[in-house]
Every structure is written in C-alpha cells, then in structure tokens.
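Structure, as structure tokens:
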Amino acid sequence: MPDLAAPLIAWYRDAARDLPWRRPGFPAWGTLVSEFMLQQTPVARVVPHLEAWLARWPTPASLAEDPPAEAVRQWANLGYPRRALWLHRAATEIRDRHGGVVPRDVDALLALTGVGDYTARAVAVFAYGERHPVVDTNTRRVLARAVEGRSQPGAPSRRDLAAMAEILPPDDEAAATVNAAAMELGATVCTARAPRCDVCPLAATCAWRAAGFPDTGDGRRRQARYEGSDRQARGAVLKVLRDADHEVPLEAVMPDWPDPLQRDRAIDSLVSDGLVEASLGMLRLPGSVSPRRPRGA
DNA sequence: CATCCGTGGGC
DNA sequence: TGCCCAAGGAT
C-alpha cells in the first residue's frame with residue numbers, strides 16, 4: 001500500500017480550513033461541544049452555534065448547573081435535539097465523575113452519554129494529542145476510494161478503525177494530523193458527489209481513479225422522506241416549546257396539525273426521550289420549571 | 001445489524 | 001422541484 005500519510009500531511013498544511021476548534025489553546029470542552037454539534041450537521045451551520053454555546057457555558061460544570069431545558073433551547077434549530085440533552089447529561093457526568101475536566105482516556109469518554117466511537121477518539125486525539133484512529137464518514141469514503149478502489153464505503157464497521165490505524169505514522173502529532181487531514185480531504189475534495197480529483201494529493205496512487213472510477217454501488221440506504229414524517233412532527237412540537245417561555249397547554253400544541261394521531265405520537269415519543277415533560281395537561285421542556293412538592297408529601 | 005432521529009443548503 | 005447529503009449514536 002502506498003504511503004498516504006506524507007501527502008495528506010503536506011496537503012493539510014496548506015489546505016486546512018481555519019475553524020474555531022483548530023485554534024491553538026482551544027479547550028477540550030470546546031472540542032467536545034463541537035463534536036456533538038458536528039454529528040450529522042454541516043460545519044457552516046455549527047460554527048456560530050458553537051461560539052454562542054461556549055460564550056454561555058465555558059465549562060462542563062456551568063452547563064450542568066442549568067436545567068436541560070436551557071440546553072435544548074440553546075440548541076435551537078441545529079437538528080437532532082437529543083444531542084442537546086445528551087450533551088447536558090455528558091456535562092453532568094463530567095462534573096460528577098471527572099471533577100469537571102473532560103476526560104482524556106478513550107474508555108472514559110466512551111462512557112459519556114452521547115459519545116460513541118467517533119466522538120471519543122476525536123476528543124482524545126484533537127483535544128489531547130493521543131494517538132488513535134479517528135474515523136468518520138469522510139475518512140471512510142477516502143479510504144474506500146484511495147485504498148479499496150470503491151466509489152463509496154460499505155456499512156460502518158469496527159474494521160474501519162483498523163484500516164485507519166494502518167496508515168497512521170508512529171509520531172502522536174503526525175498521527176493526529178493524518179486523522180484530521182483524511183477528514184478534511186473527504187469534506188472538501190473527495191466529496192460524495194463531484195470529487196475534485198484534480199487537486200487531490202492522493203490522486204497519483206488512488207485505487208478508485210486507477211480503476212477508472214467504477215460505480216461500486218452506494219452501500220448507503222436512502223434517507224426516509226422528511227415531509228409528513230414523524231420526525232417533522234417532533235420537530236414542530238419541540239419548536240413550539242422552545243419558542244414559548246413557559247409551559248404550554250396540551251391542546252394548544254399544534255391544534256391544526258394535519259394528522260392529530262401523528263402529533264400525539266410525536267409528543268409521546270418526545271416525552272419518552274426526555275425532551276419534553278408532561279403533567280396536568282401541560283407540556284414543557286425538561287426541568288424548565290421546578291416541580292411543586294405535593295401538599296403533605 | 002437496521003432503523004430511527006432534524007434541519008437546511010445545493011444541485 | 002424533489003432528492004441527496006451532512007465530523008453519529010442509541011436501541
């Protein structure tokens with residue numbers, strides 16, 4: 001296998017975008033928040049939200065002090081609001097189990113709510129300089145093309161970590177750069193559609209290019225239609241509660257939604273997820289009011 | 001392992 | 001215009 005590390009490092013030195021989490025001295029907490037936000041949300045949408053979030057909650061403990069409702073509100077329209085709830089839980093876990101310091105150890109990171117294989121290693125590597133393979137969807141596509149000669153990666157697998165580990169140089173800092181460079185290449189050059197092979201540092205040895213760019217089938221499943229979906233209904237319910245500064249009567253939540261059963265199903269699932277609290281016919285974001293102790297309790 | 005989970009921009 | 005896609009994770 002050709003050496004991918006050297007051309008990736010050289011290319012990254014010139015082509016890396018200037019992003020907040022790449023600034024020197026950026027805190028590990030900021031890296032963790034950015035990785036939560038970047039889970040399935042494009043960089044351009046994340047940047048302003050990240051800066052507002054860190055200005056409001058500069059430490060995990062500061063976030064943990066506020067109720068989850070505030071996290072869900074601040075998350076605004078970033079999408080997948082469970083991530084806001086999970087980030088709040090992770091902040092609480094960091095405060096309670098790690099003295100308020102974002103852990104460095106991959107296993108400790110993996111134990112945090114909402115932190116999986118990607119995020120745990122991204123924090124260990126990019127915030128702390130540890131040497132691990134970091135594999136996201138961009139890296140998987142780059143490896144699928146450059147190494148395997150396929151147009152798209154297969155289903156995500158634990159083997160992806162081993163494949164990435166194989167191309168990492170021994171030095172910690174160089175390994176971190178290769179991890180970042182593979183992601184950056186996939187995000188800006190080796191893109192899902194219309195890859196820019198003319199400026200790719202791996203073009204000379206790319207197996208996919210050498211094979212004549214065969215379409216090896218996309219392996220990816222089509223995303224379910226959003227219009228009319230339960231997800232859309234959930235999003236609409238949550239928006240009503242985010243925009244309200246107090247609890248809302250159940251009957252006032254989307255009274256004109258085309259499918260009342262779907263609306264009720266959305267509310268139930270949000271309650272089940274912990275994103276909404278319901279009692280006495282009222283709905284509110286979690287922890288947004290202090291529950292009154294029943295008389296005589 | 002397949003499915004579910006938001007939202008918006010680009011083509 | 002509809003469809004594709006986006007630094008994943010939990011169940």
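Atoms considered below: every heavy atom in the structure, side chains included; atoms not considered: hydrogens, waters and symmetry mates. Throughout, a chain's letter reflects where its sequence line sits, starting with A, and its residues are numbered from 1.
- Counting heavy atoms from C-beta outward, Leu38(A) and Trp21(A) have side chains that approach closer than 4.5 Å.
- In this structure, Thr139(A) does not reach the dA7(C) phosphate: none of its side-chain N or O atoms is under 4.0 Å from OP1 or OP2.
- Within the nucleic acid shown, Gly116(A) comes within 4.0 Å of sugar-phosphate atoms alone, with no base atom in reach, counting heavy atoms only.
- If you chain together ILVMFWY residues whose side-chain heavy atoms come under 4.5 Å of each other, Val253(A) ends up grouped with Val72(A), Leu85(A), Val237(A), Leu238(A), Val240(A), Leu241(A), Val248(A), Leu250(A), Met254(A), Trp257(A), Ile267(A), Leu270(A), Val271(A), Leu275(A), Val276(A), Leu283(A), Leu285(A).
- No engagement by Ala122(A) is indicated, since no non-hydrogen atom pair under 4.0 Å with the nucleic acid exists.
- A salt bridge is absent between Asp259(A) and Arg263(A); no separation between the charged side-chain nitrogens and carboxylate oxygens falls under 4.0 Å.
- DNA chain B lies under 4.0 Å from at least one heavy atom of each of the following residues of residues 42-62 of chain A: Arg45(A).
- In terms of the salt bridge (Lys or Arg N to Asp or Glu O under 4.0 Å) criterion, Asp66(A) has no residue partners (sequence neighbours excluded).
- Of all the residues in residues 258-271 of chain A, not one reaches under 4.0 Å from DNA chain C with any non-hydrogen atom.
- A salt bridge links Asp273(A) to Arg234(A): one of the charged nitrogens lies within less than 4.0 Å of a carboxylate oxygen.
- Taking every heavy atom of residues 160-183 of chain A and every atom of DNA chain C, pairs under 4.0 Å involve Met183(A), by number.
- A heavy-atom distance below 4.5 Å is not found between the side chains of Phe36(A) and Thr41(A).
- Protein atom CG of Leu110(A) is 16 Å distant from nucleotide atom P of dG8(C), rounded to whole Å.
- Screening residues 64-106 of chain A for ring-ring contact (aromatic ring centres under 6.0 Å, His included), with sequence neighbours left out, gives Trp53(A)-Trp75(A).
- In this view, Arg284(A) and Glu247(A), Glu277(A) satisfy the salt bridge (Lys or Arg N to Asp or Glu O under 4.0 Å) rule, not counting sequence neighbours.
- Listed pair Gln40(A) / dA6(C) fails the phosphate criterion, with no side-chain N or O lying under 4.0 Å from OP1 or OP2.
- If you find the closest nucleotide of DNA chain C to Arg225(A) and to Gly186(A), the one lying nearer the 5' end belongs to Arg225(A).
- Remark: P of dA7(C) and OH of Tyr80(A) are 13 Å apart, rounded to the nearest angstrom.
- Here the P atom of nucleotide dA7(C) and the CG atom of Leu32(A) are 18 Å apart, to the nearest Å.
- Sorted by first and then second residue, the ring-ring contact (aromatic ring centres under 6.0 Å, His included) pairs involving residues 181-211 of chain A (not counting sequence neighbours) are Trp208(A)-Phe213(A).
- Contact annotation: side chain of Gln223(A) to base of dC3(C), donor-acceptor pair absent below 3.5 Å.
- Among the heavy atoms of the strands, none lies under 4.0 Å from Pro156(A).
- For Arg158(A), the salt bridge (Lys or Arg N to Asp or Glu O under 4.0 Å) partners two or more places apart in sequence, or in a different chain, are Asp117(A).
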Side chain to side chain contact (heavy atoms under 4.5 Å, CB included) assessment of Arg17(A) paired with Thr188(A):
CA-CA 9 Å; Arg17(A) 291 168 292 177; Thr188(A) 63; 3.7 Å; yes
Please set out all donor-acceptor pairs under 3.5 angstrom arising from side-chain atoms of residues 43-51 of chain A, sequence neighbours excluded.
from: Arg45(A); atom 1: NH2; to: Asn77(A); atom 2: O; distance (Å): 2.5

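- Rounded to an integer number of Å, the gap from CG of Asn138(A) to C1' of dC5(C) is 11 Å.
- In this structure, the CG atom of Asp117(A) is 12 Å from the C1' atom of dA10(C), given to the nearest Å.
- What separates CD of Glu35(A) from P of dG9(C) is a distance of 9 Å, to the nearest Å.
- Atom-to-atom, CZ of Arg222(A) to C1' of dC3(C) comes out at 8 Å; the value is rounded to the nearest Å.
- Residues from residues 16-31 of chain A with heavy atoms under 4.0 angstrom of DNA chain C, sorted by number: Arg17(A), Leu19(A), Trp21(A), Arg22(A).
- One finds no salt bridge joining Arg121(A) and Glu130(A) here, because no Lys/Arg side-chain nitrogen approaches an Asp/Glu carboxylate oxygen to under 4.0 Å.
- Taking the 5' to 3' direction, DNA chain B first and last meets chain A under 4.0 angstrom from a heavy atom at dT3(B) to dG8(B).
- For the P atom pair drawn from dG6(B) and dT11(C), the interatomic distance equals 14 Å after rounding to whole Å.
- For the atom pair CZ of Arg83(A) and CG of Leu87(A), the computed distance is 10.0 Å after rounding to the nearest 0.5 Å.
- Rounded to whole Å, atom C1' of dA10(C) lies 14 Å from atom CZ of Arg83(A).
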